[in-house]
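Taking it in order: structure first as structure tokens, then the write-up.
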Amino acid sequence: MSGTAGGDKVKAVDRFVPMPDWLPQSWQRTLQEFIQYVGVGGVAFLVDFGVLTLALTLGAHHLLAAALGFSAGLVVCFALCVTWVWRGTQARGARDFLVFAVIGIVGFGLTLLGMWLGVDKLHLHPLLTKIVVSGFVLAWNFTLRKLFVFFR
């Protein structure tokens, strides 16, 4: 279950799902990180949605409530990425969080652009467009965060 390609051994308990032995060790690690990152994104969404709901219930304007939810989800996402997805990373400072946040904000901008293109220009259904765009933005966020925040 724990291959030795590249000389690195990955303990079975570190894996969220079993990986095929034929897959190079570095790819196994990246795939594992991606799977965990998707789970973290789900948790961050729940926090975002919960804070949004709470803020709306307390009478906040919907845009303020959305910003508060996004911010809370971003903090939770960063904390879980540091402690679970990329355990042992040295990316824990304010600069790292800032880069992490900027990548997420640009990802949100890409979401808006994709929604505009898909719905307004290509006349696709908004939910179908959101599914497609979300896949691209997920790959964007994961790849850039891995390369520019969690590379150490």
Side-chain angles (χ1 to χ4, degrees), residues 10 13-20 22-152:
V10 175
V13 294
D14 289 341
R15 293 194 175 162
F16 190 63
V17 295
M19 297 289 160
W22 55 264
L23 197 61
Q25 190 69 34
S26 62
W27 289 30
Q28 289 183 24
R29 190 172 320 121
T30 298
L31 181 57
Q32 179 63 44
E33 290 168 349
F34 181 76
I35 292 167
Q36 289 176 269
Y37 184 80
V38 170
V40 164
V43 172
F45 168 77
L46 292 175
V47 170
D48 180 339
F49 194 79
V51 170
L52 169 75
T53 302
L54 178 62
L56 290 172
T57 302
L58 294 174
H61 187 275
H62 66 279
L63 295 178
L64 174 61
L68 291 172
F70 178 83
S71 299
L74 188 68
V75 169
V76 167
C77 187
F78 182 76
L80 290 175
C81 282
V82 166
T83 59
W84 188 49
V85 179
W86 287 288
R87 276 186 301 250
T89 182
Q90 295 177 16
R92 296 177 186 270
R95 179 210 159 275
D96 300 311
F97 180 76
L98 179 63
V99 173
F100 185 92
V102 166
I103 291 167
I105 291 166
V106 172
F108 180 66
L110 291 172
T111 298
L112 295 177
L113 176 63
M115 292 298 290
W116 174 75
L117 284 172
V119 176
D120 295 336
K121 297 300 177 187
L122 299 176
H123 307 290
L124 299 173
H125 192 280
L127 295 180
L128 173 63
T129 302
K130 177 64 173 173
I131 290 169
V132 172
V133 169
S134 292
F136 285 109
V137 172
L138 174 66
W140 161 272
N141 285 341
F142 174 79
T143 301
L144 291 184
R145 286 172 172 167
K146 181 174 175 60
L147 290 174
F148 294 109
V149 180
F150 300 108
F151 59 92
R152 305 173 279 203

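A quick note: this is a predicted structure, and the numbers were derived from the prediction, not measured.
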What are the two closest heavy atoms between [X] and [Y], and how far apart are they?
X: R92; Y: V82; result: NH1-CG1, 2.9 Å
X: R145; Y: G104; result: NH2-CA, 3.2 Å
X: F150; Y: C81; result: CZ-CB, 3.7 Å
X: V43; Y: V76; result: CG1-CG1, 4.1 Å

Criterion side chain to side chain contact (heavy atoms under 4.5 Å, CB included) on W86 and Q36, from CA distance to verdict
CA-CA 9 Å; W86 287 288; Q36 289 176 269; over 6 Å; no

Please name all residues satisfying side-chain contact (heavy atoms from CB on, under 4.5 Å) with L98, sequence neighbours left out, ordered by chain then number.
V102

Find out whether Y37 and K146 are in side-chain contact, i.e. whether some heavy atom of one side chain is under 4.5 Å from a heavy atom of the other.
no

Name every donor-acceptor pair, under 3.5 Å, that has one atom in a side chain of residues 126-144 and the other anywhere in the protein, sequence neighbours excluded.
unit_1, atom_1, unit_2, atom_2, d
T129, OG1, H125, O, 2.9
S134, OG, K130, O, 2.7
W140, NE1, I103, O, 3.3
T143, OG1, A139, O, 2.8

Kindly indicate, with the supporting measurements, whether the criterion side chain to side chain contact (heavy atoms under 4.5 Å, CB included) is fulfilled by F100 and L74.
CA-CA 9 Å; F100 185 92; L74 188 68; 3.8 Å; yes

List the atom pairs, with distances to 0.1 Å, where a side-chain N or O of residues 44-73 and a protein N or O form a donor-acceptor pair under 3.5 Å, not counting sequence neighbours.
unit_1, atom_1, unit_2, atom_2, d
T53, OG1, F49, O, 2.8
T57, OG1, T53, O, 2.8
H61, ND1, L63, N, 3.0
S71, OG, A67, O, 2.8

